[in-house]
Amino acid sequence: MPIFQAKVEVNLRPSVLDPAGEAAKSASLRLGIEGVNKLRIGKSIMIEIDASTEDEANKSIQLLCDRLLSNPVIEKWSFELNRIPIESQVSL
């Protein structure tokens with residue numbers, strides 16, 4: 001069965017305040033780094049999934065993002081899906 005790899009990015013919606021991002025932005029000034037106008041913190045998640053087709057993998061990743069990996073009220077998500085070439089797959 002083909003293996004797909006998804007890189008999921010989850011970020012707060014633009015209208016939601018980001019206290020952690022603001023704290024990091026303030027800390028950058030204390031480090032002597034000027035010019036940071038905006039800093040928002042999100043999550044990056046890597047998933048490998050067995051699926052018969054790319055469409056099946058897409059649907060599974062979308063379901064994971066909607067119901068498990070993000071809070072749709074305050075977060076938005078996106079993902080990039082790639083099929084792992086057979087020669088790159090490790091068999092045990």
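Please read all numbers here as calculations on a predicted model, not as lab measurements.
- Across every non-hydrogen atom of Lys76 and Leu12, the tightest pair is CE-O, 4.1 Å.
- With rounding to the nearest 0.5 Å, the separation of CG in Leu39 from CD1 in Ile33 is 10.0 Å.
- Annotation for Met1 and Asp50: closest pair SD-CB, 3.6 Å, computed over non-hydrogen atoms.
- When all heavy atoms of Ile41 and Ala24 are compared, the pair lying nearest together is CD1-CB, 4.2 Å.
- Side-chain contact between Glu54 and Phe4 is present, with heavy atoms from C-beta onward closer than 4.5 Å.
- Counting only heavy atoms from C-beta outward, the side chains of Ile45 and Ile47 approach each other to under 4.5 Å.
- For the residue pair Ser78/Glu9, the side-chain donor-acceptor check at 3.5 Å is not satisfied.
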Please set out all donor-acceptor pairs under 3.5 angstrom arising from side-chain atoms of residues 64-72, sequence neighbours excluded.
{"from": "Asp66", "atom 1": "OD1", "to": "Trp77", "atom 2": "NE1", "distance (Å)": "3.1"}
{"from": "Ser70", "atom 1": "OG", "to": "Cys65", "atom 2": "O", "distance (Å)": "2.7"}
{"from": "Asn71", "atom 1": "OD1", "to": "Val73", "atom 2": "N", "distance (Å)": "3.0"}

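- Within 6.0 Å of CG on Leu17 lie no more than 12 heavy atoms contributed by other residues, nucleotides or ligands.
- Separating the CG atom in Leu31 from the OG atom in Ser26 is a distance of 11.0 Å, to the nearest 0.5 Å.
- When side chains are defined from C-beta on, Lys43 counts as touching Glu75, because their heavy atoms get closer than 4.5 Å.
- When side chains are defined from C-beta on, Ile84 counts as touching Glu48, because their heavy atoms get closer than 4.5 Å.
- Taking all atoms of both residues into account, the shortest heavy-atom contact from Ala51 to Glu56 is CA-OE2, 3.6 Å.
- Counting heavy atoms from C-beta outward, Val36 and Glu34 have side chains that stay 4.5 Å or more apart.
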Fill in: Chi angles and distances behind the side chain to side chain contact (heavy atoms under 4.5 Å, CB included) call for Ile61, Ile49
CA-CA 9 Å; Ile61 298 297; Ile49 186 168; 4.2 Å; yes

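- If you chain together hydrophobic residues whose side chains sit under 4.5 Å apart, Leu81 and Val8 fall into the same group.
- Heavy-atom minimum distance, Arg40 versus Val16: NH2-O, 2.8 Å.
- Nearest heavy-atom pair, Phe79 versus Gln62, reported as atom, atom and distance to 0.1 Å: CE2-CG, 3.6 Å.
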